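Starting from 1, each residue takes its place in the sequence as its number. None of the values given here were measured: they were computed from a predicted structure.
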Amino acid sequence: MPATPRSRSQARNTRPWILSGMDFADSRRKPNFTGKIAVAAALTVMCIIVLKQSPGFSGTSVFSRHETGVTHVLVTGGAGFIGSHATLRLLTDNYRVTIVDNLSRGNMGAVRVLQRLFPQPGRLQFIYADLGDAKAVNKIFSENAFDAVMHFAAVAYVGESTMEPLRYYHNITSNTLTVLEAMAAHNVNTLIYSSTCATYGEPDTMPIVESTPQNPINPYGKAKKMAEDIILDFTKSKKSNMAVMILRYFNVIGSDPEGRLGEAPRPELREHGRISGACFDAALGIIPGLKVRGTDYPTADGTCIRDYIDVTDLVDAHVKALDKSRPGKVGIYNVGTGQGRSVKEFVEACKKATGATINVEFLARRPGDYAEVYSDPSKIHSELNWTAKYTDLGQSLSQAWKWQKAHPNGYGSA
């Protein structure tokens, strides 16, 4: 169980004490060398004891040792859209955070924003590493004293997963196994796992509850389900006393309400990205128009139905899950609003939020997509006291649009 965070002022390094030499013998008397040696030895022992108790004595990083009242969270994928917002919330709540990211999908600009916001020693560190490198991951765990892991790092585009399935199984399933093995080897016993509603596939009934059968229909959902199965199997073993929270969330939108962070996918990935990103690109004139894939689904207007969850609500669910995690216990929760919105509804809301004229082209279905998915968030409300607060689709899009306008080139622009 993670300790309750405390004020960072209590976690700062203190400078080692510097003791100057002192002569305790009366200079008018003949020196008592035996006595001096005894006094010097006693003082030396006292100094060593005191200095060892000083946080700055060893010269090692504060990230490498546990501190009472300080919870140190490893955030994998912390340079990404969701991971950076989660890191911001954790730091705001006085957690200590280490980000590990290989920047293949994340953005160093987001990390720099966080570093500027929280420059104090012992608050935040960034480690460039690939979770596919087991030796590097083990080294990170051996050199840092983690209390918990929030595992976000993953490739996460449904369409791309159908074109590069092996990449998805390696990046999601295999890398999760590597993280879990490192946690077990270094006695890190709390895991908050970022999963997805894609593990459910196309359920027969709506809304989706946690007991809805998982029958994923694309490599992304399948890879995530495999990772879940590995985690759950390990928690059942006698060697495990892990606290595990698996959060299956729906379609993420929005951005930090104070405008500090936003979503900035790499240009080459825009084709696979979220519909909100494509809508904003069309509004900015970066692309000629918006492509809506699939108008013949068995829904009211023929387009897909999705549950859009604001990123601020999503990270709130992660923090509540961390707070409620308990050794030997597993929690599985859907994180959504419980409201399904069609793609056409979303496009109209985006047009209104941006005030732009957006050309819309309707195309054939995208492989691996499903017709209708929305959640029943009753369980997470009753057990974690979590409820989505940012449920106004237009408001979430307007907030994200403000960041996009201010950052037309992502974090590379003012």
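The two atoms that bring Leu90 and Val97 nearest to each other are CB-CG2, 3.8 Å, heavy atoms only. Closest heavy-atom contact between Gly336 and Ser375: CA-OG, 3.4 Å. For Ser396 against Asp310, the heavy-atom pair with the smallest separation is OG-OD2, 2.7 Å. Tyr95 and Arg123 make their closest contact through O-NH2, 3.4 Å (heavy atoms, listed as atom of the first residue, atom of the second, distance). Of all the heavy atoms in Ser84 and Gly80, the pair that sits closest is OG-O, 2.7 Å. Nearest heavy atoms, Thr178 versus Ala134: CG2-CA, 3.8 Å.
Distance OG/Ser194 to CD1/Ile246: 11.0 Å, rounded to 0.5 Å. A distance of 14.0 Å separates CZ in Phe362 from NZ in Lys291, rounded to the nearest 0.5 Å. Between the CD1 atom of Ile82 and the CG atom of Leu261 there is a distance of 12.5 Å, given to the nearest 0.5 Å. With values rounded to the nearest 0.5 angstrom, Ser174 atom OG is found 12.0 Å from Met226 atom CE. Tyr128 contributes atom OH, which lies 9.0 Å from atom CG of Asp101 (distance to the nearest 0.5 angstrom). Expressed to the nearest 0.5 Å, how far OG1 of Thr299 lies from CD1 of Ile305 amounts to 5.0 Å.
Within 6.0 Å of atom NZ in Lys402, 12 or fewer heavy atoms from other residues, nucleotides or ligands are found, so the atom counts as exposed in its surroundings. Heavy-atom neighbours of His66 NE2 from other residues, nucleotides or ligands within 6.0 Å: above the threshold of 12. Atom NZ of Lys324 sits in a sparse spot, with 12 or fewer heavy atoms from other residues, nucleotides or ligands closer than 6.0 Å.
Ring planes of Tyr220 and Tyr168: perpendicular class, angle over 60° (limits at 30 and 60°). Between Phe141 and Phe146, the ring planes are perpendicular. Angles over 60° get that label, and only those under 30° would be called parallel.
Thr176 and His151 are linked by a side-chain donor-acceptor pair at a separation below 3.5 angstrom, with hydrogens and angles left out of the test. Gln214 and Arg248 share a side-chain donor-acceptor pair at under 3.5 Å. With 3.5 Å as the limit, one finds no donor-acceptor pair spanning the side chains of Tyr193 and Glu228. Using a 3.5 Å distance cut-off with no hydrogens or angles, the side chains of Asp256 and His85 do not pair a donor with an acceptor. Looking at Asn334 and Tyr200, their side chains do bring a donor and an acceptor atom within 3.5 Å of each other. With no hydrogens or angles considered, a side-chain donor-acceptor pair links Gln125 and Asn144 at under 3.5 Å. The closest side-chain donor-acceptor pair between Ser342 and Asp301 falls under 3.5 angstrom.
Using a 4.5 Å cut-off on side-chain heavy atoms (C-beta onward), Val75 and Thr98 make no contact. Side-chain contact between Asn102 and Leu131 is absent, with no heavy atoms from C-beta onward closer than 4.5 Å. Between Leu114 and Ile99 the shortest side-chain heavy-atom distance falls below 4.5 Å. In this structure, Val149 and Val179 have side chains that are in contact, with non-hydrogen atoms separated by less than 4.5 Å.
Ring centroids of Tyr411 and Trp403 are separated by less than 6.0 Å, placing the two rings close together. Taking the ring centroids of Tyr308 and Phe346, they lie under the 6.0 Å cut-off. Residues His72 and Phe63 bring their aromatic ring centres within 6.0 Å.
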* To do: Please step through side chain to side chain donor-acceptor pair (under 3.5 Å) for the pair Tyr333 and Glu383, ending with a clear verdict.
  => CA-CA 9 Å; Tyr333 302 99; Glu383 294 187 10; 2.7 Å; yes
